[in-house]
Amino acid sequence: MLGQYATVVLSAWGVSLAALALLVGLSFARARRVKAQLDAIERQRDGG
Amino acid sequence: MSIWEYANPKKFTETFGRWVPWVYGIAALCLGTGLIWGFFFTPEAENFGSTVKIIYVHVPSAFVAINAWIMMVVTSLVWLIRRHHVSALAARAAAPVGMTMTIIALATGAIWGQPMWGTWWEWDPRLTSFLILFLFYIGYIALWAAIPDPDTAADLTSILCIVGSVFAVLSRYAVLFWNQGLHQGASLSMDARENVADVYWLPLVISMAGFVALFVALVLQRTITEIRVRRIAALSARLHRAEA
């Protein structure tokens with residue numbers, strides 16, 4: 001399907017999808033970690 | 001109702017926190033449709049062979065990379081003029097997303113350029129201005145990280161952002177300013193004669209919509225995270241004072 005340029009096309013798509021997946025993954029991981037920290041400190045403030 | 005209501009961190013988090021999953025859903029739908037269509041169901045180009053399929057990741061990422069910086073300039077100006085913290089945090093949240101898009105655009109361009117132009121890199125006006133834009137992204141992120149006081153960091157990064165906007169604009173219009181260099185003109189244009197061939201056009205537009213939706217989802221999510229980080233710092237300081 002990709003002919004003689006298969007390596008070129010697949011490496012360009014591979015780099016792109018890997019970078020996007022890493023960005024989304026890191027954003028979700030940090031969002032979850034920060035939310036947990038905030039919940040913990042709010043419980044501490046409320047004396048829980 | 002005024003747009004400035006959303007400058008309130010609580011209101012912003014409550015409102016856009018509900019939006020985030022939906023915007024991610026729209027991004028997944030558009031990216032799934034546009035990229036699968038573009039990769040599996042479009043023909044090879046006569047002059048470029050199957051490398052034409054790289055436009056579905058290269059063009060949208062370059063588009064978002066440039067416009068992310070423009071969005072950062074707007075939110076930085078809002079910070080400088082109206083001192084709304086959420087706008088400064090939105091600019092901070094957008095920077096890593098824009099930087100990643102710049103990396104994708106530079107990498108896919110280099111991978112495409114090697115077989116088509118015979119070189120990975122050329123000091124072409126558009127490529128060079130894009131590389132400088134990438135360096136500005138790195139500088140912007142580093143400056144935020146280097147300054148402990150958040151308001152001072154927001155002030156200085158806003159100024160850097162405004163200076164860097166020159167290169168964001170140059171990245172977009174360099175091919176028009178200088179009639180030299182290897183990079184071809186815009187793939188999508190209001191002028192139908194300059195557009196890519198019809199068979200590639202619709203999947204490209206859908207892919208671009210997907211990249212834009214992904215950018216919006218990421219920036220909203222990351223802005224909410226930045227707001228929470230700032231709230232953690234404020235609550236920690238309050239708790240320390242109470243304990244002292």
Side-chain angles (χ1 to χ4, degrees), chain A, chain B residues 17 20 24 27-28 31 35 38-40 44 48-58 60-61 93 96-97 99-116 210-211 214-215 217-219 221-222 224-236 238-239 242:
Chain A
M1 186 180 84
L2 298 174
Q4 61 172 320
Y5 297 118
T7 313
V8 172
V9 177
L10 291 175
S11 50
W13 275 66
V15 167
S16 305
L17 297 181
L20 291 180
L22 188 68
L23 178 67
V24 172
L26 290 175
S27 299
F28 269 92
R30 182 159 185 257
R32 215 173 3 247
R33 195 175 62 246
V34 167
K35 177 79 168 63
Q37 280 175 357
L38 180 60
D39 289 345
I41 203 162
E42 283 184 334
R43 272 197 305 275
Q44 192 183 344
R45 180 199 57 180
D46 299 338
Chain B
V20 168
Y24 267 117
L31 284 174
L35 294 181
F39 191 85
F40 291 104
E44 291 187 6
F48 299 130
S50 63
T51 65
V52 71
K53 293 175 192 294
I54 294 175
I55 61 168
Y56 300 107
V57 285
H58 177 74
S61 59
V97 185
M99 188 188 72
T100 306
M101 295 297 178
T102 314
I103 291 170
I104 293 173
L106 286 169
T108 53
I111 293 167
W112 181 87
Q114 210 286 326
M116 291 297 122
F211 270 77
L214 181 63
F215 171 76
L218 282 163
V219 171
Q221 183 189 37
R222 296 176 67 94
I224 290 168
T225 302
E226 294 296 339
I227 289 170
R228 286 177 174 151
V229 168
R230 189 168 283 212
R231 174 114 180 107
I232 289 169
L235 286 176
S236 299
R238 210 177 295 169
L239 282 171

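Considering only residues two or more places apart in sequence or on other chains, B:Arg230 meets the side-chain hydrogen bond (donor to acceptor under 3.5 Å, both in side chains) condition with B:His85. Not counting sequence neighbours, B:Thr100 has no partner by the side-chain hydrogen bond (donor to acceptor under 3.5 Å, both in side chains) test.
Neither the backbone nor the side chain of B:Ile224 comes within contact range of chain A; no heavy atom of the residue lies under 4.5 Å from a heavy atom of that chain. Proximity to chain B (any heavy atom under 4.5 Å) is shown, for A:Leu22, by neither the backbone nor the side chain. If you measure heavy-atom distances from B:Ile103 to chain A, you find no contacts under 4.5 Å at all. Of the atoms belonging to B:Gln114, not a single heavy atom falls under 4.5 Å from chain A. Heavy-atom distances place no part of B:Val52 under 4.5 Å from chain A, backbone and side chain included. Looking at B:Met116, only its side chain comes within 4.5 Å of chain A, counting heavy atoms on both sides.
Closest of all the heavy-atom pairs between A:Val15 and B:Ala107 is CG1-CB, 3.9 Å. Between A:Arg45 and B:Leu239, the shortest heavy-atom contact is CA-CD2, 4.1 Å. The two residues B:Gln221 and A:Ser27 make their nearest non-hydrogen contact at OE1-CB, 3.6 Å. Between A:Val8 and B:Ile54, the closest heavy-atom pair is CG1-CD1, 3.9 Å. The two atoms that bring A:Ser16 and B:Thr108 nearest to each other are OG-CG2, 3.2 Å, heavy atoms only. Here the closest non-hydrogen pair linking B:Ile232 and A:Ile41 is O-CD1, 3.9 Å.
Taking CD of A:Gln37 as the start and CZ of B:Arg228 as the end, the distance is 12.0 Å to the nearest 0.5 Å. Atoms OG1 and CZ, on B:Thr225 and A:Phe28 in that order, are 9.5 Å from each other to the nearest 0.5 Å. For the atom pair OH (A:Tyr5) and NZ (B:Lys53), the distance works out to 14.0 Å, reported to the nearest 0.5 Å. A:Leu10 CG to B:Phe39 CZ: the interatomic distance, rounded to the nearest 0.5 Å, is 5.0 Å.
The side-chain heavy atoms of A:Leu17 and B:Leu35, taken from C-beta on, include a pair separated by under 4.5 Å.
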Checklist line | Test log, rule side-chain contact (heavy atoms from CB on, under 4.5 Å), inputs A:Leu20 and B:Met101 | finding: CA-CA 8 Å; A:Leu20 291 180; B:Met101 295 297 178; 3.8 Å; yes
